[in-house]
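Both backbone and side-chain heavy atoms feed into the values below; hydrogens, waters and symmetry mates do not.
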Amino acid sequence: MKARLTFSVHDLAETRFAVSPMWEVVTSFRALAAAAVPGPHRAWADQVRPRLAAAGLDRGWLADMIPPIGHLPDFLNPAPAAASPGLADELAAIEATGPEQVRRDLDRLAAEREGRLSPRLRGLHQAPQTYLPRIVAEIEAYWALAIAPYWARISSLLEADIFHRGRQVAEQGTAQALDELHHTVRWADGSLHLVQRHCAITRIDTGAGLLLVPSAFAWPRVLTRSVASEPPQLAYPARGIGTLWERRTHAHVEALAAVIGRSRALILVELDSPASTTELAQRSGLSAAGVSQHLTALRAAGLTSTHRAGRSVLYARTGLADALLTAQT
C-alpha cells in the first residue's frame, strides 16, 4: 500500500519534531509481542520479559490492544503537546479520550480479527470512561518495569536524533530531512510519499502540519497515526539504534574513581544495565551492604535513580552519570 501526504506552505510551517513516551510504550510492547524480538532489542527484552510475566503485564490490556502486526489504537498515541511531554501528560490525554474515538479504534481492531474482541475490549467498547483509567494504570506499571530504568539512555538517543535532523533542516532544508527519514519515505513534488503502509494516510483525513517522532523501538518500520482534525504523526526509527544496548566502554573511569571512589565508580560502570542491589553485589564483588550504602550516596548525588519491579528495586544510571562516564578530556 502507498500513501501520499501533500504539503502546503502552512503544513511545512507546522511540521515539528517531538519525543513521545507513549510511542515508546506502544512500539516496545509490540517488539516484545513479536514471535522474534528485533535483533537490536534482544538484550533489553531478555531483561524485561521476566519482569512483565511476573507482573502479569504480558497478558493484560496492552496485550489485547497491541498486536505484533496490524492496526494500533490511535487513542494510545495522542499528539504530543510539547517537544518532550512527560508520560503523565500523555496518560492524561489518553484518559480524556472521547468514547467515539475509542469505539472507532476498537471497531478497526475487530475488523482485523474477524469481528472478534476479547472480553476486556468488549467492556471497553461499551464503557470507555470506566475502563480507560485501568488502561492508564497498566501503562504506568509497564513503564516502571520496561522503560523507566532505561529512559536516560533511550531519551538521549531520541534527543540526539532530533538534534541531527534539526541541523539537517537548517543546512539542507526540510525536504532533504524528510527524504532521509527512512527508506520507505520519499519527498517529491511537494508531497511525502510512504510505501509499504499497513494503513493509508492522506491530507484529507488529517489536520495541518506533521509530527515527526523518533522512536527507539519502531525499527525497522515507520508507523503513522491519522486522526481527523489532528496533525498526522509519523514515528520513525531513530539513528543509532544498533548501538543502543551495547555495553559501553568508559575511558575515564579512573579519573572518576579519583573523585567519587573506586567502588562507586565500579557500581556506575556495572549499571550499564539496570540491576538490583543483590545483582550489583554479584557483578562487582562488593558486599550487598556496601553496595546499598554506595547506592544511597550515588542517588543523593543525582547519579542513580530507583525503579520498583515487583518486590525488587532496580537501580539505573541517570543521564548525568552517563555524561560523567563518557566525558572527554
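- Side chains of S305 and H307: a donor-acceptor N/O pair is present below 3.5 angstrom, by distance only.
- Under a hydrophobic clustering in which Ile, Leu, Val, Met, Phe, Trp and Tyr are joined whenever their side-chain heavy atoms come within less than 4.5 Å, directly or via other members, V259 and L266 fall into different clusters.
- Residues P21 and P85 form a side-chain contact, since some pair of their non-hydrogen atoms from C-beta on lies under 4.5 Å apart.
- Separation of atoms CG (L72) and CG (D105) is listed at 9.5 Å; rounding is to 0.5 Å.
- No side-chain heavy atom of H294 sits less than 4.5 Å from a side-chain heavy atom of L280.
- Between the CZ atom in R30 and the CZ atom in R221 there is a gap of 7.0 Å [rounded to 0.5 Å].
- Taking both residues in full, the closest heavy atoms of G302 and T318 are given as O-OG1, 2.7 Å, listed atom of the first, atom of the second, then distance.
- Looking only at side-chain heavy atoms (C-beta outward), H41 and S28 stay at 4.5 Å or farther from each other.
- Under the 30°/60° scheme for interplanar angles, the aromatic rings of F17 and Y236 are found to stand perpendicular.
- Between L62 and E138, the closest heavy-atom pair is N-OE2, 2.9 Å.
- Judged by distance alone, with hydrogens and angles left aside, the side-chain atoms of E24 form a donor-acceptor pair with the main-chain N or O of A216 at under 3.5 Å.
- Note that the CE atom of M65 and the OG atom of S118 stand 9.0 Å from one another [nearest 0.5 Å].
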Set out, in order, the CA-CA distance, both residues' side-chain angles and the distance that settles side chain to side chain contact (heavy atoms under 4.5 Å, CB included) for L76 and I66, then state yes or no. CA-CA 10 Å; L76 291 177; I66 302 175; 4.2 Å; yes

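- No side-chain heavy atom of Y315 sits less than 4.5 Å from a side-chain heavy atom of L298.
- The stretch residues 73-98 participates, sequence neighbours left out, in these side chain to side chain donor-acceptor pair (under 3.5 Å) pairs: S20-E90.
- A pairwise comparison of heavy atoms in E279 and P274 identifies OE1-O, 4.4 Å as the closest pair.
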So R51 and V48, side chain to side chain contact (heavy atoms under 4.5 Å, CB included) or not? Walk me through it. CA-CA 5 Å; R51 299 178 204 153; V48 168; 4.2 Å; yes

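- The only option from L158, D161, L157 that meets the side chain to side chain contact (heavy atoms under 4.5 Å, CB included) definition with R239 turns out to be D161.
- Clustering ILVMFWY residues whenever any of their side-chain heavy atoms sit less than 4.5 angstrom apart, transitively, puts L211 in a cluster other than the one holding L181.
- To the nearest 0.5 Å, atom CD of residue Q293 and atom CZ of residue R264 are 8.5 Å apart.
- When the shell of 6.0 Å around CZ of R113 is examined, it contains more than 12 heavy atoms from other residues, nucleotides or ligands.
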Could you walk me through whether W143 and L91 pass side chain to side chain contact (heavy atoms under 4.5 Å, CB included), step by step? CA-CA 11 Å; W143 177 271; L91 292 181; over 6 Å; no

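- The two residues S292 and T277 make their nearest non-hydrogen contact at N-CG2, 4.1 Å.
- Of the possible donor and acceptor atoms, one in the side chain of R317 sits under 3.5 Å from a partner among the backbone N and O of L268.
- Proximity of a side-chain donor or acceptor of Y142 to a complementary backbone N or O of F29 within less than 3.5 Å is detected.
- Within the 4.5 Å cutoff, the side chain of T278 has heavy atoms near those of the Q282 side chain.
- Shortest non-hydrogen contact noted between W219 and P40 is CZ3-CD, 3.4 Å.
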Stepwise side chain to side chain contact (heavy atoms under 4.5 Å, CB included) test for L244 and W44: CA-CA 10 Å; L244 179 60; W44 165 82; over 6 Å; no

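- Residues H164 and P214 have side chains not in contact (no heavy-atom distance under 4.5 Å, counting atoms from C-beta outward).
- Linking ILVMFWY residues whenever their side-chain heavy atoms come closer than 4.5 Å, directly or via other members, places I260 and L271 in the same cluster.
- A single hydrophobic cluster is not seen to contain both V213 and V169; linkage of ILVMFWY side chains at heavy-atom distances under 4.5 Å, directly or through other members, places them apart.
- With sequence neighbours left out, W61 forms a ring pair (Phe, Tyr, Trp, His ring centres under 6.0 Å) with Y131.
- By the 4.5 Å heavy-atom criterion applied to side chains, T174 and F7 are not counted as neighbours.
- Taking a cutoff of 4.0 Å between a charged side-chain nitrogen and a carboxylate oxygen, R122 and D64 do not qualify as a salt bridge.
- In this structure, CG on L106 lies 8.5 Å from NE2 on H71, to the nearest 0.5 angstrom.
- Listed here is the closest heavy atom pair of L295 and T304: O-OG1, 3.8 Å.
- Using a 4.5 Å heavy-atom threshold, the side chains of I135 and L124 count as touching.
- Between the R308 side chain and the A144 main chain, no donor and acceptor come within less than 3.5 Å of each other.
- For the atom pair CZ (R59) and CG (L52), the distance works out to 10.0 Å, reported to the nearest 0.5 Å.
- The backbone N or O of G319 lies less than 3.5 Å from no partner atom in the side chain of R153, so there is not a single donor-acceptor pair.
- The neighbour count for R299 CZ, taken as heavy atoms of other residues, nucleotides or ligands under 6.0 Å away, does not exceed 12.
- With hydrophobic clusters built from ILVMFWY side chains whose heavy atoms lie under 4.5 angstrom apart, L314 does not share a cluster with L57.
- For the residue pair T184 and H182, a side-chain donor N or O sits within less than 3.5 Å of a side-chain acceptor on the partner.
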